[in-house]
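Scroll down for the structure; my scribbles are underneath it.
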Amino acid sequence: MFSRVFYFFVLLIFITSCDQFSLKKENTLQKLDTLVDFTSVDFSPSFKVCDSLIDKTAKENCFRNTIHQKIGEELKKHIFTSKDTINETIFVDLIINSNGEIVLKEIQSSENIKNQLLALDSIIQLAVDQLPIVHAAIKRGMPVTTKYQLPIQIRLQE
């Protein structure tokens, strides 16, 4: 009987003393920088022809000029007629996803342009669909989705 009580107390001491012998674990988790500026990217999207440029501003200008040129060339292929003189700017919102695909989100234009140039939206959609795949914008070393607003000046005479 004494041995049972002795073994019970020894077992009880081992069970309750486990907390006394535990080693402290150091917190090896690194604190993350939680402040992320989502209004800017480290590297803007770029076409293949802009890859040779090193300067960030020159690369952004190359992208902007290339996209304007490619959509402008497509618009020049079509003949537009209007009853009235038009001198307005429309805004084309493009989404460049992390895979480098360009998607037309929205065309912001006045009612005057919508009524007089009915085919303009479909021509812009066709021009956007024909754009080559780009290298996506980079934020913290990872490709991210960005929005680009393309202004297009529409000038037509009667």
Side-chain angles (χ1 to χ4, degrees), residues 18-19 21-158:
C18 287
D19 288 338
F21 294 112
S22 67
L23 300 174
K24 292 184 179 180
K25 294 182 182 178
E26 291 184 28
N27 189 2
T28 59
L29 295 176
Q30 184 179 9
K31 290 185 177 182
L32 295 177
D33 182 12
T34 56
L35 297 175
V36 178
D37 181 13
F38 289 107
T39 60
S40 67
V41 293
D42 299 335
F43 298 100
S44 63
S46 70
F47 287 101
K48 191 173 184 175
V49 297
C50 304
D51 286 348
S52 62
L53 299 173
I54 297 173
D55 183 45
K56 184 178 178 180
T57 307
K59 207 170 207 178
E60 288 174 7
N61 289 337
C62 178
F63 173 77
R64 186 178 309 112
N65 293 337
T66 305
I67 200 166
H68 282 257
Q69 176 189 0
K70 294 204 180 278
I71 291 183
E73 287 172 359
E74 187 63 35
L75 289 174
K76 287 178 184 176
K77 291 179 185 177
H78 301 278
I79 299 172
F80 296 100
T81 57
S82 169
K83 300 174 195 170
D84 301 323
T85 300
I86 297 176
N87 186 9
E88 295 184 29
T89 302
I90 64 170
F91 295 97
V92 179
D93 292 333
L94 302 173
I95 300 294
I96 303 166
N97 66 22
S98 58
N99 296 327
E101 300 166 346
I102 302 174
V103 179
L104 177 65
K105 182 180 179 191
E106 180 183 10
I107 299 173
Q108 301 171 23
S109 60
S110 68
E111 288 298 320
N112 184 29
I113 289 181
K114 288 179 184 177
N115 292 334
Q116 292 194 32
L117 305 175
L118 301 174
L120 182 64
D121 289 0
S122 60
I123 293 170
I124 292 174
Q125 178 67 54
L126 178 68
V128 169
D129 290 343
Q130 292 177 353
L131 288 172
I133 291 179
V134 300
H135 299 289
I138 303 294
K139 180 75 172 181
R140 292 188 167 197
M142 298 194 59
V144 293
T145 300
T146 54
K147 179 181 175 184
Y148 181 74
Q149 189 172 62
L150 175 70
I152 300 175
Q153 182 72 36
I154 305 291
R155 290 186 187 143
L156 294 175
Q157 305 229 343
E158 295 180 51

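Throughout, residue positions are numbered sequentially from 1 according to the sequence presented. None of the values given here were measured: they were computed from a predicted structure. Computed over heavy atoms, backbone and side chain alike; hydrogens, waters and symmetry mates excluded.
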(request) Assess whether side-chain contact (heavy atoms from CB on, under 4.5 Å) is satisfied between K105 and L94, documenting all intermediate values. (result) CA-CA 5 Å; K105 182 180 179 191; L94 302 173; over 6 Å; no
(request) List the steps and the verdict of side-chain hydrogen bond (donor to acceptor under 3.5 Å, both in side chains) for N65 and Q69. (result) CA-CA 6 Å; N65 293 337; Q69 176 189 0; over 6 Å; no
(message) With heavy-atom distances below 4.5 Å as the criterion, would you say the side chains of L75 and L120 are in contact?
(response) yes
(request) Can you sort out the partners of Y148 under ring-ring contact (aromatic ring centres under 6.0 Å, His included), two or more places apart, ordered by chain and number? (result) F63
(message) Let me confirm one number: the CG-CG distance from N112 to D84, rounded to the nearest 0.5 Å.
(response) 6.5 Å
(request) Can you see which heavy atom on A58 is nearest to which on L53, and at what distance? (result) O-CD1, 3.5 Å
(message) Let's go through N87 and Q153 carefully: what are the C-alpha distance in whole Å and the side-chain angles of both, what is the deciding distance for side-chain contact (heavy atoms from CB on, under 4.5 Å) to 0.1 Å, and is it a yes or a no?
(response) CA-CA 7 Å; N87 186 9; Q153 182 72 36; 2.6 Å; yes
(message) Please give me the minimum heavy-atom distance between P151 and H68, naming the atom from each residue.
(response) O-CE1, 3.8 Å
(request) Taking all heavy atoms of V134 and all of F47, pick out the closest pair and write down the distance. (result) CG1-CE2, 3.2 Å
(message) Test: disulfide bond (SG atoms under 2.5 Å apart). Region: residues 59-108. Which pairs qualify, not counting sequence neighbours?
(response) C50-C62
(request) May I ask you to decide if N99's main-chain N or O and N97's side chain share a donor-acceptor pair within less than 3.5 Å? (result) yes
(message) I need the T89 OG1 to Q108 CD distance, nearest 0.5 Å.
(response) 12.0 Å
(request) Please say whether more than 12 non-hydrogen atoms of neighbouring residues, nucleotides or ligands are located less than 6.0 Å from NZ in K48. (result) no
(request) Identify whether the distance between the nearest side-chain nitrogen and carboxylate oxygen of E73 and K70 falls below 4.0 Å. (result) no
(message) For the CZ atom of R155 and the CD1 atom of I86, what is their distance to the nearest 0.5 Å?
(response) 13.0 Å
(message) Quick check for you: to the nearest 0.5 Å, what is the distance between D51 atom CG and S46 atom OG?
(response) 4.5 Å
(message) Tell me if the CG atom of L118 is crowded by more than 12 foreign heavy atoms within 6.0 Å.
(response) yes
(message) Side chains of K56 and K59, heavy atoms from C-beta outward: is any pair under 4.5 Å?
(response) no
(request) Name all residues meeting the side chain to side chain contact (heavy atoms under 4.5 Å, CB included) criterion together with F43; count only those two or more places apart in sequence or in a different chain, and write none if there are none. (result) I138
(message) Holding to side-chain hydrogen bond (donor to acceptor under 3.5 Å, both in side chains), I want the full list of residues that pass it with N115, two or more places apart in sequence or in another chain.
(response) none
(message) If you compare all heavy atoms of P143 against all heavy atoms of A136, which two are closest, and at what distance to 0.1 Å?
(response) CB-CB, 4.0 Å
(message) Return the CD1 to OG distance between I96 and S98, rounded to the nearest 0.5 Å.
(response) 11.5 Å
(request) Provide the closest heavy-atom pair for V41 versus K139 in the form atom of the first, atom of the second, distance. (result) CA-CD, 3.9 Å
(message) Quick check: do T146 and I95 have side-chain heavy atoms less than 4.5 Å from each other?
(response) no
(message) Holding to side-chain hydrogen bond (donor to acceptor under 3.5 Å, both in side chains), I want the full list of residues that pass it with T145, two or more places apart in sequence or in another chain.
(response) none
(request) Looking only at non-hydrogen atoms, find the nearest pair between A137 and P45 and report the distance. (result) CB-CD, 3.7 Å
Ignoring hydrogens and angles, write down the donor-acceptor pairs under 3.5 Å from the side chains of residues 124-131, residues two or more places apart or on other chains.
residue, atom, partner, partner atom, Å
Q125, NE2, D129, OD1, 2.9
Q125, NE2, D129, OD2, 3.3

